[in-house]
Amino acid sequence: MSLSTTGEAPIVATREQPPDAPRAGWPVPVANTVAALRPRQARWAAVNLGLIGLVLLLQFVPAFEHGRPPRKVVGLFAVAAALQLADLLWLLWRRAPLPRQAGTTHFKFALAFNVLLAFALAMCSPLDDIQYGLLVLPAVVAIAFRYGLLAGICFSLATGVLSFLPLGLFIAAHPAERQSAMLQGLVLAAIYVVVAIVVDVLCGAVRDEAARLRRSLRDLRRTKNQLVAQEKLAAVGRLSAAIAHEIRNPVAMIASSLDLAAEPATPDAERRDMLRIARDESSRLTTLTNDFLAYANTKPPQRTRVCIAGALGAVASLAAARAAETGIEIRADGSPDVEADLDELQLHQALLNLTSNAIEASPPGGTVTLGGHAVDGCVDLWVENSGAAIPPDMVVRLFEPFFTTKPHGTGLGLPIARNIAVAHGGDLVLGRNATGRIRFVLHLPAHPNPTGGRN
């Protein structure tokens with residue numbers, strides 16, 4: 001694998017919190033992201049709506065021996081269910097994620113809604129309906145999960161104390177059942193405390209596992225960075241060896257030709273041949289150097305609004321004279337209404353490299369077609385030529401620098417074109433490889449990615 005032709009974004013080291021560092025909010029960090037707030041709140045609203053319906057149904061279960069609930073209790077349930085349903089529909093309808101502060105406020109209101117609903121139902125019912133305590137359980141779980149054990153226990157005790165007010169009214173109306181009612185209130189408060197403790201234990205296990213996973217992830221990233229650094233060094237070594245090999249041959253030819261031309265006994269005709277060889281190899285060395293500099297120093301694109309059809313037509317015109325020398329027909333086929341934010345000069349260079357390769361690979365009388373269209377926020381530009389399919393053993397090496405099957409090629413045309421595509425946030429691929437139809441495709445985003453990564 002070569003260093004600069006993989007098309008992968010560089011790995012950036014990130015600062016990580018120590019595994020044992022205190023974290024505010026949910027034990028799993030991903031739950032604190034702004035994008036996660038809306039679906040989390042929607043799930044809470046759906047569960048709460050289901051719980052309200054369940055407690056309402058319990059009022060009609062004969063086993064409770066309370067008979068039908070009072071109208072004001074049913075009315076409270078109806079109002080609460082309507083409010084909760086409206087909240088759920090609003091959360092589902094809202095497309096944008098909730099801001100963090102808005103999500104926190106919504107969460108607090110949801111907890112207060114449950115507690116007040118349970119208290120109001122207990123106050124409206126003349127009976128000691130302990131099932132209303134079910135409405136407070138989600139709030140106890142959420143408080144213990146988000147704010148820790150101490151907050152969960154304090155909240156449980158506070159709601160337990162609050163539940164004694166309707167129990168006091170019930171005891172005043174039913175003195176004979178005082179002991180039973182007091183016991184129910186204590187049991188309810190104890191249940192809340194136990195639930196808070198269980199939630200904290202489970203959260204502690206989740207936090208420990210999350211810390212272990214963060215340590216493992218940090219170790220994996222460190223190992224990956226080390227492997228990438230080693231691969232980069234190896235790739236630099238292979239690239240340096242390839243450069244040395246490509247430069248050594250023309251330099252050796254130039255040196256031997258000049259030495260032979262400098263010999264007094266060399267005939268004039270042979271001396272002229274040696275000087276011509278030195279000039280040709282010098283020109284080849286210049287071309288190789290320029291191509292390597294273009295490959296190694298791909299500049300960030302200077303984006304402007306580019307008409308794709310115009311760019312394809314311009315490249316086809318530049319390559320037309322060269323194509324005519326071998327009787328190859330060149331066509332440009334692009335929709336005039338497709339535009340993209342690209343570096344026009346770099347785009348021309350990439351397309352011209354692909355077109356030159358296509359002309360050289362086409363048989364006499366063949367056809368080279370340039371085309372492009374928009375697809376899913378990107379533009380696909382392709383260069384297709386007739387001729388024999390590329391053998392599989394060569395396909396895997398197409399984008400290696402200095403790999404070429406042409407006698408006078410530098411093997412940098414495709415790598416340069418791919419580097420340009422990657423600099424734009426796209427890629428260059430062999431889109432089709434069949435006899436008579438060999439197509440290379442530049443897949444480029446139509447607009448720059450604000451995050452700086454690849455689309």
With a 4.5 Å cut-off on side-chain heavy atoms, are [Y] and [X] touching?
| X | Y | result |
| --- | --- | --- |
| I308 | L342 | yes |
| R305 | D341 | yes |
| P392 | V396 | no |
| V383 | T369 | no |
| S256 | L260 | no |
| I438 | L430 | yes |
| T367 | I328 | no |
| F440 | L398 | yes |

Point-to-point distance, once rounded to the nearest 0.5 Å, from [atom1] of [X] to [atom2] of [Y]:
| X | Y | atom1 | atom2 | value |
| --- | --- | --- | --- | --- |
| Q349 | E344 | CD | CD | 13.5 Å |
| E281 | T286 | CD | OG1 | 11.0 Å |
| L442 | L351 | CG | CG | 5.5 Å |
| I359 | N385 | CD1 | CG | 9.5 Å |
| H447 | C378 | NE2 | SG | 9.5 Å |
| N225 | L220 | CG | CG | 11.0 Å |

Heavy atoms only: give me the nearest [X]-[Y] pair and the separation to one decimal.
| X | Y | result |
| --- | --- | --- |
| A316 | L370 | N-CD2, 4.3 Å |
| P336 | C307 | O-SG, 3.8 Å |
| E384 | R439 | OE1-NE, 2.8 Å |
| L312 | G372 | CD1-N, 3.8 Å |
| A417 | N353 | N-ND2, 4.3 Å |
| L428 | A421 | N-CB, 3.9 Å |

[X] side chain to [Y] backbone, donor-acceptor under 3.5 Å:
| X | Y | value |
| --- | --- | --- |
| D343 | P301 | no |
| S386 | S362 | no |
| T266 | A261 | no |
| S257 | I254 | no |
| N433 | I390 | yes |
| D87 | L83 | no |
| S356 | L352 | yes |
| R303 | H424 | yes |

M274 and R276: CA distance, side-chain angles, deciding distance, side chain to side chain contact (heavy atoms under 4.5 Å, CB included) verdict: CA-CA 5 Å; M274 293 300 104; R276 177 184 57 78; over 6 Å; no
E329/R331 salt bridge by N-O under 4.0 Å criterion: yes
Presence of salt bridge, R212 and E209, under 4.0 angstrom: yes
Side-chain donor-acceptor pair present, H443, D380, cut-off under 3.5 Å: yes
Residue pair L347, L381: steps toward the side chain to side chain contact (heavy atoms under 4.5 Å, CB included) verdict: CA-CA 10 Å; L347 179 63; L381 309 176; 3.4 Å; yes
D219, CG atom: more than 12 neighbouring heavy atoms under 6.0 Å: yes
Working for side chain to side chain contact (heavy atoms under 4.5 Å, CB included), residues R271 and D268: CA-CA 5 Å; R271 182 178 289 109; D268 290 342; 2.9 Å; yes
Stepwise side chain to side chain contact (heavy atoms under 4.5 Å, CB included) test for V141 and V198: CA-CA 9 Å; V141 172; V198 171; over 6 Å; no
